[in-house]
Q: 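Below are the structure tokens for one structure; questions will follow.
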Number of protein chains: 2
Amino acid sequence: MHLNLSLMTPGHFRTAWRLPHADPVAHLDIDHFTRLAHIAENAAIDAVFLGDGPAIHSDIADAPGTGIDPLVLLGHIAALTDNLGVIVTSSTTYNSPYNLARRFQALDHVTKGRSAVNVVTTGTSAAAANYGLAQHPGKEDRYRRAWEFLEVVTRLWDSWEPDWLIADKESGRYADPTRIHQIDHRGEFFSVAGPLPVPAGPQGRPVLVQAGGSEGGLKLAADFADVVFTVAQTPTKAVEFREDIRSRAVAAGRHHDDIKISLGVVVLVADSDAEATARAEQLYATLPIERLTAELLANLGLTEGSFSPDDPISASDLPKAAPSSGFSSGFNASTRALIAERPHTPRQLVQRSAGGSGHRLLVGSAERVADDLQAWLAAGAADGFTIMPADTSVDLENFATQVVPILQRRGLFQQEYRAPTLRERLDLRPRCGFGAKFE
Amino acid sequence: MHLNLSLMTPGHFRTAWRLPHADPVAHLDIDHFTRLAHIAENAAIDAVFLGDGPAIHSDIADAPGTGIDPLVLLGHIAALTDNLGVIVTSSTTYNSPYNLARRFQALDHVTKGRSAVNVVTTGTSAAAANYGLAQHPGKEDRYRRAWEFLEVVTRLWDSWEPDWLIADKESGRYADPTRIHQIDHRGEFFSVAGPLPVPAGPQGRPVLVQAGGSEGGLKLAADFADVVFTVAQTPTKAVEFREDIRSRAVAAGRHHDDIKISLGVVVLVADSDAEATARAEQLYATLPIERLTAELLANLGLTEGSFSPDDPISASDLPKAAPSSGFSSGFNASTRALIAERPHTPRQLVQRSAGGSGHRLLVGSAERVADDLQAWLAAGAADGFTIMPADTSVDLENFATQVVPILQRRGLFQQEYRAPTLRERLDLRPRCGFGAKFE
């Protein structure tokens with residue numbers, strides 16, 4: 001089992017800042033993140049993760065949203081750890097491929113092979129106005145751009161062959177230019193000559209992570225991703241998704257084990273189930289339930305005010321198809337699946353999705369949490385999990401120090417880091433396309 | 001006196017990789033940079049610096065050129081030091097202002113106020129092809145864009161007022177949106193709504209560094225720069241430049257001490273003058289003199305092949321005005337000034353400019369180097385120096401451990417770090433424009 005930990009602060013419940021012990025500005029405090037990173041590394045966690053969106057959250061009046069730039073933050077943490085991988089979210093819609101390829105190549109050099117990029121197309125329409133666009137591009141355009149973006153980025157990463165160095169001090173010949181290739185890409189969105197200024201780092205290509213369950217997202221994953229983040233409310237859905245993505249990888253000419261599925265789970269862990277439930281109630285009480293109910297109804301395509309927080313919604317109340325705009329299709333699909341099983345109130349749905357993101361909320365003792373992850377793994381639902389602490393200042397440490405040892409005793413998770421690079425530790429084969437194009 | 005150290009590797013003589021002791025791939029080795037950073041911090045150096053250009057060097061067959069991304073590299077170094085400032089070069093031509101503002105704000109958070117950005121417009125025309133441009137924009141366009149870029153970046157840095165936080169756990173009010181401002185910039189090059197997702201770091205605005213002696217560069221410096229990097233071959237030229245830039249700052253409504261001048265000097269230090277001269281001869285022997293002579297002639301507007309490496313060039317040989325394209329105007333001006341004093345051969349000019357950059361080469365014992373810097377400081381030529389080691393693996397350490405103690409004994413340089421932020425240590429006043437625009 002592979003395990004990542006999300007450092008999102010104050011937690012996957014963003015209103016966790018209201019709890020008595022919480023520091024409301026912990027998300028701006030590098031020492032907080034460094035402390036979490038050391039806890040994660042002591043537990044042999046594969047990698048830490050931060051999401052991102054390049055705009056202020058619209059609900060800043062209620063809670064901290066997007067944090068400081070994750071490349072800089074996770075780069076700092078990587079410098080202060082020896083083994084921990086770092087998964088940095090970056091937008092293919094609001095970056096240029098040359099800059100992104102260079103930065104992650106650099107991160108791979110300085111971390112000695114512990115870098116990963118989680119490419120997103122950015123769902124926040126507010127971002128567009130920060131980059132001079134009259135409107136946020138539609139999902140299909142964003143994914144078409146993302147595909148071309150990754151085509152460029154991976155070719156740039158491969159632009160130096162391993163045997164580029166001559167370094168003949170006598171003659172003064174430093175490098176062999178015939179081993180360094182322009183990519184001369186010309187496409188719909190980008191024209192990029194290349195090569196990068198320097199050769200690749202230890203991983204060759206940094207680990208490529210991707211999420212998004214739309215058709216465009218699935219194609220991107222099948223062609224490029226090493227790891228796919230996903231969301232599922234039931235093991236059956238997760239197994240279906242994993243089988244689908246593995247088949248798509250094979251159809252794209254890859255081996256089905258070349259893609260690892262990391263399932264997102266929001267975790268709240270305490271010494272006993274009862275204590276965990278009590279802590280969950282405390283967290284639920286921090287949620288602005290009226291506003292979140294209104295958002296939920298809009299996402300489900302229901303009329304504003306048609307359901308109060310405690311009115312049950314049945315499958316027959318839902319429109320045939322969810323609206324395509326707004327929240328991720330993954331969220332809508334999983335919420336609709338829950339309602340299809342039995343009626344749920346907005347409050348139940350909001351609580352279960354930890355305030356709106358659609359990830360599964362897992363509340364309990366360390367034993368219960370370990371049992372649950374073990375069961376999902378055994379069902380073939382995932383290759384591992386991205387653990388999203390409900391209240392990061394408490395649950396990250398509880399997971400690392402209480403749940404991880406149980407998983408280790410059961411032989412389900414590594415006792416220590418087994419290889420120097422993240423790619424090797426995730427059992428991913430090297431990827432490169434050296435020699436694809438010569439000048 | 002303020003002192004920065006350039007980490008450029010293998011050195012300001014890029015052919016230093018040919019020397020017997022040199023590691024030809026030190027520029028890809030993070031441990032090499034970390035070692036240099038600790039040496040710099042032990043000497044209480046204000047900041048370390050890396051230049052950048054987003055393209056491969058055309059002479060990669062002869063020497064390493066642009067290195068790995070400097071934001072990532074210097075961010076790593078900052079994490080492993082406590083006081084050292086980091087000056088990261090970034091292009092205003094090949095970045096978006098929202099991304100750049102966010103990244104340097106993040107660097108300021110994680111370094112607790114030790115971040116500086118050296119904005120350049122990028123002189124390398126090869127960069128354009130990596131960003132989909134048919135050709136590299138002309139200098140005037142680049143500086144007009146840079147001015148608007150910095151207008152946007154500084155307003156984004158100021159977009160949160162210091163008293164934005166409410167954090168009332170009882171009511172759930174987290175932030176006061178009336179203290180967080182959109183910038184709604186609409187200009188020739190950019191439309192940026194803002195604000196940034198999070199408030200500023202400890203410095204408010206990261207320290208802004210700028211170079212470039214063209215009219216556009218001087219305007220940018222006068223309006224925005226905290227520190228100006230400059231190049232001069234004679235104290236007279238340097239004093240003139242410093243007086244000019246200080247007057248321009250006053251004309252722009254600032255105090256003349258709001259801009260610090262940091263003069264670039266390439267330094268080769270050894271135990272004795274004789275040993276230093278012998279080491280310089282070794283370095284000169286690594287230069288590809290034929291190619292560098294050809295480049296020099298082209299930069300001076302002279303016909304290819306019109307002078308051999310050892311033919312003296314007199315003032316009367318030079319065209320009236322230097323060609324505007326190609327090398328920086330600073331380089332041409334200082335080279336022409338040298339020839340105006342007395343005839344110089346291409347070999348002498350190439351050696352003196354350390355392989356072509358136009359910075360002054362200072363070769364000698366620690367005493368000689370200290371005397372020279374003291375004399376230039378006393379003449380009013382600068383507020384400090386950016387020391388560019390001739391052979392970084394040797395001269396950075398020699399400067400830090402041999403020259404710095406002399407400057408400290410003479411009371412010219414700090415014995416220890418005097419304040420937590422780089423801005424304070426450079427005697428720069430806080431800058432911000434909070435409240436400039438309310439919603």
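From a predicted model like this one, the values you see are computed outputs, not experimental measurements. Order of the sequence lines fixes the chain letters, A, B, ..., with proteins taken first and strands second; residue numbering starts at 1 for each chain. Hydrogens, waters and symmetry mates play no part in the numbers below; they use all other heavy atoms, side chains included.
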Q: Taking every heavy-atom pair that is under 4.5 Å apart, which of Pro24(B), Gly172(B), Ala175(B) has the most such pairs with chain A?
A: Gly172(B)
Q: Of all the heavy-atom pairs spanning Trp164(B) and Leu28(A), show the shortest one and how long it is.
A: CZ2-CD1, 4.1 Å
Q: Identify which of Ala126(B), Ala193(B), Ala78(B) forms the greatest number of heavy-atom pairs closer than 4.5 Å to chain A.
A: Ala193(B)
Q: Is chain B contacted by the side chain of Tyr94(A), its backbone, both, or neither, given a heavy-atom distance below 4.5 Å?
A: backbone
Q: Which heavy atom in Pro197(B) sits nearest to a heavy atom in Gly67(A), and how many Å separate them?
A: CB-O, 4.3 Å
Q: When heavy-atom pairs shorter than 4.5 Å are enumerated against chain B, which of Pro70(A), Gly201(A), Ala55(A) gives the highest number?
A: Ala55(A)
Q: Which answer fits His109(B), side chain, backbone, both or neither, if we ask what part of it has an atom under 4.5 Å from a heavy atom of chain A?
A: both
Q: Given the options Thr286(A), Val25(A), Ile166(A), Leu165(A), which has more heavy-atom pairs under 4.5 Å with chain B than any of the others?
A: Val25(A)
Q: Would you say Asn130(A)'s side chain and Gly194(B)'s backbone share a donor-acceptor pair under 3.5 angstrom?
A: yes
Q: Under 4.5 Å, counting heavy-atom pairs only, tell me which of Ile77(A), Leu71(A), Leu80(A) racks up the most with chain B.
A: Leu80(A)
Q: Can you tell me which portion of Ala167(B) sits under 4.5 Å from chain A's heavy atoms? Options are side chain, backbone, both or neither.
A: both
Q: So with a 6.0 Å cut-off around CD of Glu188(B), is the heavy-atom count from everything else above 12?
A: yes
Q: Please state whether the side chain, the backbone, both or neither of Leu196(A) comes within less than 4.5 Å of a heavy atom of chain B.
A: backbone
Q: Please state whether the side chain, the backbone, both or neither of Leu19(B) comes within less than 4.5 Å of a heavy atom of chain A.
A: backbone
Q: With no hydrogens and no angle check, is any side-chain donor or acceptor of Arg18(A) less than 3.5 Å from a backbone partner on Glu170(B)?
A: yes
Q: Thr34(A) versus chain B, heavy atoms under 4.5 Å apart: side chain, backbone, both or neither?
A: neither
Q: Between Ser96(B) and chain A, with a heavy-atom cut-off of 4.5 Å, which part of the residue counts as in contact: side chain, backbone, both or neither?
A: side chain
Q: Could you check whether Lys112(B) pairs with Asp31(A) (Lys NZ or Arg NE/NH1/NH2 to Asp/Glu carboxylate O, under 4.0 Å)?
A: yes
Q: May I have the step-by-step check of side chain to side chain contact (heavy atoms under 4.5 Å, CB included) for Val110(A) and Ile68(B), ending in yes or no?
A: CA-CA 9 Å; Val110(A) 303; Ile68(B) 65 177; 3.9 Å; yes
Q: Which one, Asp52(B), Thr111(B), Thr15(B), Leu133(B), leads in non-hydrogen pairs under 4.5 Å with chain A?
A: Asp52(B)
Q: Pick whichever of Gly75(A), Pro177(A), Pro195(A) has the most heavy-atom pairs under 4.5 Å with chain B.
A: Pro195(A)
Q: Check whether any side-chain heavy atom of Ile60(A) lies under 4.5 Å from a side-chain heavy atom of Ile180(B), and answer yes or no.
A: yes
Q: Given a strict heavy-atom distance threshold of 4.5 Å, which part of Pro54(A) is in contact with chain B: side chain, backbone, both, or neither?
A: both
Q: Looking at OH of Tyr174(B) and NE2 of His57(A), how far apart are the two atoms once the value is rounded to the nearest 0.5 Å?
A: 12.0 Å
Q: Give a yes or no answer on whether the side chain of Arg173(B) reaches the backbone of Ala61(A) with a donor-acceptor pair at less than 3.5 Å.
A: no
Q: Among Ala134(B), Ser91(B), Ser171(B), which has the most heavy-atom pairs under 4.5 Å with chain A?
A: Ser171(B)
Q: Within the 3.5 Å criterion, strictly below it, is a donor on Asn99(B) or Tyr131(A) matched to an acceptor on the partner's side chain?
A: yes
Q: For the CG atom of Asp69(B) and the CD atom of Gln105(A), what is their distance to the nearest 0.5 Å?
A: 9.0 Å
Q: Do you know which two heavy atoms are closest between Asp168(A) and Trp17(B), and how far apart they sit?
A: O-CH2, 3.5 Å
Q: Can you tell me which portion of Asp108(A) sits under 4.5 Å from chain B's heavy atoms? Options are side chain, backbone, both or neither.
A: neither
Q: For Ile56(A), is it the side chain, the backbone, both or neither that has a heavy atom under 4.5 Å from a heavy atom of chain B?
A: both
Q: Considering only heavy atoms, which portion of Ala22(B) lies under 4.5 Å from any heavy atom of chain A: side chain, backbone, both, or neither?
A: both
Q: Select, from Pro64(A), Ala128(A), Gly53(A), the one with the greatest count of heavy-atom pairs under 4.5 Å involving chain B.
A: Pro64(A)
Q: Check whether Phe190(B) gets within reach of chain A through its side chain, its backbone, both or neither, counting any heavy atom under 4.5 Å.
A: neither
Q: Using non-hydrogen atoms only, which part of His27(B) is less than 4.5 Å away from chain A: side chain, backbone, both, or neither?
A: side chain
